[in-house]
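In what follows, chains are A, B, ... by sequence order, proteins preceding strands, each numbered from 1.
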There are 2 protein chains.
Amino acid sequence: MAERLDSRAADLLKLLVERYVQDGQPVGSRTLARAGHMNLSPATIRNVMADLDEAGFVRSPHTSAGRVPTQLGYRYFIDSLLTPEPLSERDVQRIARELLRHGGPTCDLAEITSALLSQLSGMAAVVTVPKRNRATLRRIEFLPLSERRVLAILVVNHAEVQNRVISTAREYSAAELERYANAINEHFAGLDLPTLRNRLRADALAAQSHVHQHLREAAKVAAWALGDDSEEDYVLAGGSNLLAYQELTDVKRLRELFEALDRKREMLALFEQCLQASGVQIFIGEESGYQVLDECSVVTAPYFIDGQVAGVLGVIGPTRMAYHRIIPLVAETALALATGLKAGS
Amino acid sequence: MAERLDSRAADLLKLLVERYVQDGQPVGSRTLARAGHMNLSPATIRNVMADLDEAGFVRSPHTSAGRVPTQLGYRYFIDSLLTPEPLSERDVQRIARELLRHGGPTCDLAEITSALLSQLSGMAAVVTVPKRNRATLRRIEFLPLSERRVLAILVVNHAEVQNRVISTAREYSAAELERYANAINEHFAGLDLPTLRNRLRADALAAQSHVHQHLREAAKVAAWALGDDSEEDYVLAGGSNLLAYQELTDVKRLRELFEALDRKREMLALFEQCLQASGVQIFIGEESGYQVLDECSVVTAPYFIDGQVAGVLGVIGPTRMAYHRIIPLVAETALALATGLKAGS
DNA sequence: GCATGCACTCGCCGCCGCCGCGCGCTTGAC
DNA sequence: GTCAAGCGCGCGGCGGCGGCGAGTGCATGC
């Protein structure tokens with residue numbers, strides 16, 4: 001199937017995909033003959049199309065309709081034929097501006113990014129928020145609530161605040177909690193959460209002497225606060241954009257898609273695959289392995305903090321999307337987000 | 001128009017609405033004759049229907065189709081005829097359980113509530129998150145970021161954490177910021193934000209003497225941190241549920257609806273009206289005043305914290321919804337949310 | 001006041017024939 | 001061998017037609 005196309009067939013396939021992406025209607029030989037500057041007659045083009053059809057790159061929806069790219073056709077187009085269209089200066093600047101303006105917590109930034117991405121792409125956009133496991137502690141704070149409940153506030157990474165209510169085994173006073181927080185801040189600030197957890201466990205065992213009593217207690221409280229919740233999450237924006245595409249008109253399927261996006265679990269598995277990729281990755285239709293994404297493509301790119309992969313962003317749209325615009329858009333946004341995160345520190 | 005219906009007409013209207021809500025198809029005189037236990041012939045019922053038609057409570061989509069309730073019909077039904085169906089014990093317990101399990105911050109609780117509400121109703125659900133203006137400060141904390149940027153962490157109400165990055169006029173050291181935070185925590189904890197803002201302003205003017213210098217500085221920083229951002233917000237869940245109703249099949253209109261829900265601004269204006277209401281409030285179709293909600297109804301109820309109205313929750317669905325189930329559901333959830341918020345303290 | 005019977009009006013659905021597009025095939029030129 | 005021209009054909013889309021069933025309005029009778 002990884003068949004190599006001769007240059008004329010490739011040119012025509014490229015033309016066909018571009019045309020189909022633009023109009024959304026099966027492309028006939030006449031149209032290609034006129035659109036291409038290669039001075040071929042429709043008849044000749046029909047011959048080429050027959051070859052492409054046989055090879056699985058295009059198909060006609062029915063006898064005597066034009067041709068439409070198949071999944072394989074899109075794949076070949078993207079891998080070998082696509083000429084990306086650089087983002088307009090306006091868009092580049094807009095991305096930079098929006099992402100730099102807010103130095104806020106990562107969660108907000110993810111929302112802003114996905115909103116921006118969905119606007120610029122005209123499709124649905126997704127930004128995963130980084131796993132907590134990859135975060136480094138900057139500061140911790142405890143506040144007593146009612147009896148055996150304590151509010152823990154964590155500042156991680158640069159300016160990201162997380163908080164959670166923990167249930168403790170016994171009651172702690174405000175002063176006591178403050179002491180523990182201070183102890184942790186003093187000893188452990190700058191560590192990333194997993195190693196922090198390990199260190200706390202180790203220290204709690206070692207610190208048997210009486211003077212270190214409070215360190216042991218601190219470790220106990222912190223253990224609750226830092227408890228492993230490595231569940232990743234993502235932010236979706238512009239889902240309503242998908243309603244505008246006539247190829248996604250089947251309300252039933254659309255509903256399934258939205259529900260899958262709401263459930264998040266399965267989708268996260270897909271995005272996690274993209275963490276490995278070094279750059280833009282594209283799933284065309286069923287390539288993603290998810291039924292609900294049948295007629296959709298997903299274009300993703302990982303983004304980085306301090307050279308470390310932090311999360312994934314991407315857009316979801318109909319298979320017939322303007323890849324030549326979308327791919328640079330996603331790539332650029334991933335880049336800008338990384339610098340936005342850095343600037344927010 | 002506030003015409004009083006005689007008891008037979010009322011009974012028939014009630015029957016018709018119930019039937020139509022159930023099946024979604026125009027209800028004919030035969031159906032009503034068989035469904036009602038009043039032993040009337042279809043012809044008699046036709047006469048009554050003609051009256052109801054004339055009075056504007058029902059209409060036929062076309063000659064020789066059954067009748068369908070109008071907006072006015074729904075209104076009369078809800079105001080005077082409806083027999084609410086108490087929630088099942090299971091549902092009541094489920095609501096209580098889900099809302100009490102999480103003692104987390106309000107923002108999370110709003111998400112949980114809306115998810116729950118959308119699940120139980122099978123429609124879209126909305127929960128506004130309380131205005132910051134109504135919050136009382138529990139604790140404040142400052143962390144220096146890069147040069148003239150400071151991360152402010154506010155704990156308000158019971159266990160709710162807010163944070164924002166502020167840009168300051170000059171650079172502050174960590175120690176300095178800590179002093180200010182302490183000063184504020186000491187003097188002003190327990191105040192609600194608006195009065196806190198006023199007090200800070202007054203004190204800053206009064207404290208001219210040198211000893212109070214740091215209080216003045218503290219006020220300055222805090223002013224940035226507490227800056228008025230009274231923009232209310234809400235959480236939407238279960239939007240995809242709306243795709244399941246055949247009366248909301250027009251993709252174009254659906255898109256407009258989703259976009260309006262995304263924009264939030266207009267919708268918030270609607271919800272703010274509901275803050276005044278003492279209990280469940282219902283907007284049928286155009287009653288809301290919003291084009292996009294043409295074929296939808298909105299059922300809302302305010303919820304309270306410590307006896308003070310805090311926000312609004314509600315569901316959005318097709319005009320043809322099972323009001324007798326939805327109204328108690330919304331009422332109950334509002335109640336449960338209030339106690340959930342209290343328990344989370 | 002209510003029931004019976006009848007004519008009438010629509011919307012829904014399947015049927016049919018027309019139209020036009022775009023293909024495959026054949027043939028012929030270079 | 002490569003390509004263009006011409007021809008017949010197959011098929012989806014569209015609009016008009018007619019039968020059907022549901023449910024109404026009206027006249028009439030108890």
Side-chain angles (χ1 to χ4, degrees), chain A residues 5-13 15-20 22-70 73 246-247 249-250 320, chain B residues 5-13 15-20 22-70 73 246-247 249-250 320:
Chain A
L5 294 180
D6 72 54
S7 110
R8 192 174 67 175
D11 283 354
L12 281 172
L13 177 58
L15 208 58
L16 182 137
V17 174
E18 285 169 351
R19 191 73 182 207
Y20 180 68
Q22 186 185 316
D23 302 348
Q25 271 160 358
V27 187
S29 50
R30 269 179 66 113
T31 317
L32 285 177
R34 272 198 293 242
H37 317 96
M38 42 186 84
N39 273 356
L40 290 180
S41 80
T44 311
I45 290 177
R46 280 203 284 275
N47 287 324
V48 180
M49 296 317 270
D51 295 346
L52 286 176
D53 201 326
E54 205 175 348
F57 292 106
V58 298
R59 61 174 181 74
S60 4
H62 56 86
T63 0
S64 102
R67 298 311 217 286
V68 161
T70 62
Q246 66 285 40
E247 54 259 68
T249 303
D250 184 345
R320 171 176 93 78
Chain B
L5 294 180
D6 72 53
S7 108
R8 194 174 66 177
D11 283 354
L12 282 172
L13 176 58
L15 208 58
L16 182 137
V17 174
E18 286 169 350
R19 191 72 180 209
Y20 180 68
Q22 187 184 316
D23 302 348
Q25 272 159 357
V27 188
S29 50
R30 269 178 67 111
T31 317
L32 285 176
R34 272 198 293 243
H37 317 96
M38 43 186 84
N39 272 357
L40 290 180
S41 79
T44 311
I45 290 178
R46 282 203 282 277
N47 286 325
V48 180
M49 297 317 273
D51 296 347
L52 286 176
D53 202 326
E54 205 174 348
F57 293 106
V58 298
R59 59 172 183 75
S60 2
H62 55 88
T63 0
S64 105
R67 299 309 216 287
V68 160
T70 62
Q246 65 287 40
E247 55 259 66
T249 302
D250 183 346
R320 171 176 93 78

Query - Contact state string [nucleotides 4-11 of chain C, B base, S sugar-phosphate only, - no protein heavy atom under 4.0 Å] - result: BB---BBS
Protein N or O to nucleotides 28-30 of chain C N or O, pairs below 3.5 Å:
none

Query - Heavy-atom donor-acceptor pair, B:Thr70 side chain to B:Gly56 backbone, under 3.5 Å - result: yes
Requested in this report: Write out all pairs satisfying salt bridge (Lys or Arg N to Asp or Glu O under 4.0 Å) with one or both partners inside residues 24-53 of chain A, taking only residues at least two apart or from two chains.
Outcome: A:Asp53-A:Arg67
Applying side-chain hydrogen bond (donor to acceptor under 3.5 Å, both in side chains), name anything that partners [X], two or more places apart in sequence or on another chain.
X        : answer
B:Glu247 : B:Arg320
A:Gln22  : none
A:Thr44  : A:Ser41

Requested in this report: List in numerical order all residues of residues 24-32 of chain B for which some heavy atom is under 4.0 Å away from an atom belonging to DNA chain C.
Outcome: none
**Report entry** A:Leu40 side, atom CG; A:Leu12 side, atom CG - distance, nearest 0.5 Å
**Finding:** 6.5 Å
Requested in this report: Nearest 0.5 Å please: distance from the CE atom of A:Met49 over to the CG atom of A:Leu13.
Outcome: 7.5 Å
Measure from [atom1] on [X] to [atom2] on [N] and round the result to the nearest Å.
X       : N      : atom1 : atom2 : result
A:Arg67 : C:dG22 : CZ    : P     : 12 Å
A:Ile45 : C:dC23 : CD1   : P     : 10 Å
A:Asp51 : C:dC25 : CG    : P     : 12 Å

By side chain to side chain contact (heavy atoms under 4.5 Å, CB included) - contacts of [X] (at least two apart):
X       : value
A:Asp6  : A:Arg8, A:Ala9
A:Ala35 : A:Leu15, A:Arg19
B:Thr63 : none

Requested in this report: Verify the neighbour count for atom NE2 of A:His62: are there more than 12 heavy atoms of other residues, nucleotides or ligands below 6.0 Å?
Outcome: yes
Query - chain B contact limits on DNA chain D, taken 5' to 3' with a cut-off of 4.0 angstrom to heavy atoms - result: D:dA22 to D:dG25
Query - Closest heavy-atom pair and its distance - B:Tyr20, B:Pro69 - result: CD2-CD, 3.5 Å
Query raised in the report: If you look at every strand shown and take non-hydrogen atoms under 4.0 Å, does B:Asn39 touch a base, only sugar-phosphate, or nothing?
Result: sugar-phosphate
Query raised in the report: Is the shortest heavy-atom distance from the side chain of B:Leu5 to the side chain of B:Phe57 under 4.5 Å?
Result: yes
